[in-house]
Amino acid sequence: MYVASAPSTIMVQNTSISEPHNIFSSNSAIIESLSDGQAIDISTINCQDLTFLLVIGVKNNGPLDGSQVVLVFWEPATSELVTGAPIKQLIGFERVQVVVGMTEFVTVKIDICQLLSNVDSEGKRKLVIGQHTILVGSSSETQVRHRIDIKLSGSMNGKEFMSE
């Protein structure tokens, strides 16, 4: 298995004057700078078309035709500020039939706001800025890693910005 196509960077447009804050803080302390490990409320971004296609190639090197279940996992961006996030979470799967010696491609649609976000203690869905990891495969020995850097861009208090 291998990742045939997927983005390496995704720019998320901020649609609100709200500032990013700690994902699981009940008093939501304001963070002055936009950096990896911080999170924004998904109500402040346009989630309508915030998806991407993950294309996975599955090659059959065995002696018989067969099927393979392609599992797609997500490891959230790391953050010292974030507590309670899953270590790894299943976000998609697809079964594919593969003829001997052939490669079949599986496409999984990933909704960033729904599948790559967490819910805080107040029930608000938050998206962590930084490097997320997509893992493809059924076991840690055969999993393929693909990193996606989620960055925030937009305007805040009348000034343009882009997270680093």
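These numbers come from a predicted model, not from an experiment.
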Identify each donor-acceptor pair in which a side-chain atom of residues 2-11 lies under 3.5 Å from a protein atom, sequence neighbours left out, and give them as a table.
none

Is there a continuous path of hydrophobic side-chain contacts, each under 4.5 Å between heavy atoms, that joins [X] to [Y]?
{"X": "V72", "Y": "V144", "answer": "yes"}
{"X": "I148", "Y": "I129", "answer": "yes"}
{"X": "I91", "Y": "I56", "answer": "yes"}
{"X": "L71", "Y": "F52", "answer": "no"}
{"X": "V136", "Y": "I112", "answer": "yes"}

The reported gap from NZ in K109 to CG in L115 (rounded to nearest 0.5 angstrom) is 11.0 Å
To the nearest 0.5 Å, atom CD of Q48 lies from atom CG of D111 at 11.0 Å
Residues joined to L53 in its hydrophobic cluster, side chain to side chain under 4.5 Å directly or through other members, sorted by chain and number, are none
Students should find that the hydrophobic cluster of M102, defined by side-chain heavy atoms under 4.5 Å apart, otherwise consists of V99
Taking all non-hydrogen atoms of both residues into account, name the closest pair between [X] and [Y] and its distance.
{"X": "L135", "Y": "K88", "result": "CD1-CE, 4.2 Å"}
{"X": "A77", "Y": "G130", "result": "CB-C, 3.9 Å"}
{"X": "I40", "Y": "T44", "result": "CB-OG1, 4.2 Å"}
{"X": "K126", "Y": "D41", "result": "CD-CA, 3.6 Å"}

What pairs of donor and acceptor atoms, side-chain ones from residues 59-69 against any protein atom, are under 3.5 angstrom apart with sequence neighbours left out?
residue, atom, partner, partner atom, Å
K59, NZ, G101, O, 3.3
N60, OD1, G62, N, 2.8
N60, ND2, L64, O, 2.9
N60, ND2, V98, O, 3.0
D65, OD1, V100, N, 2.9
S67, OG, R95, NH1, 2.9

Taken in chain and number order and not counting sequence neighbours, the residues that satisfy side-chain hydrogen bond (donor to acceptor under 3.5 Å, both in side chains) with H132 are W74
task = Please examine the side chains of F73 and Q143, heavy atoms only from C-beta on, and report whether any two atoms are closer than 4.5 Å.
result = yes
- Task: Determine, step by step, whether L116 and I110 satisfy the side-chain contact (heavy atoms from CB on, under 4.5 Å) criterion, reporting the C-alpha distance in whole Å, the side-chain angles of both residues, the deciding distance to 0.1 Å, and the verdict.
- Result: CA-CA 8 Å; L116 304 187; I110 307 293; 4.2 Å; yes
If you count every heavy atom of other residues, nucleotides or ligands that lies below 6.0 Å from F93 atom CZ, does the total exceed 12?
no
With sequence neighbours left out, the residues meeting side chain to side chain contact (heavy atoms under 4.5 Å, CB included) with R147 are Q131, T133, R145
For C47, the side chain to side chain contact (heavy atoms under 4.5 Å, CB included) test, sequence neighbours excluded, returns I42, I45, C113
R125 meets the salt bridge (Lys or Arg N to Asp or Glu O under 4.0 Å) criterion, sequence neighbours left out, with none
side-chain hydrogen bond (donor to acceptor under 3.5 Å, both in side chains) pairs touching residues 96-108, sequence neighbours excluded, are none
Evaluate the criterion side-chain contact (heavy atoms from CB on, under 4.5 Å) for residue pair M1 and V70; output intermediate values, then yes/no.
CA-CA 8 Å; M1 254 184 272; V70 177; 4.0 Å; yes
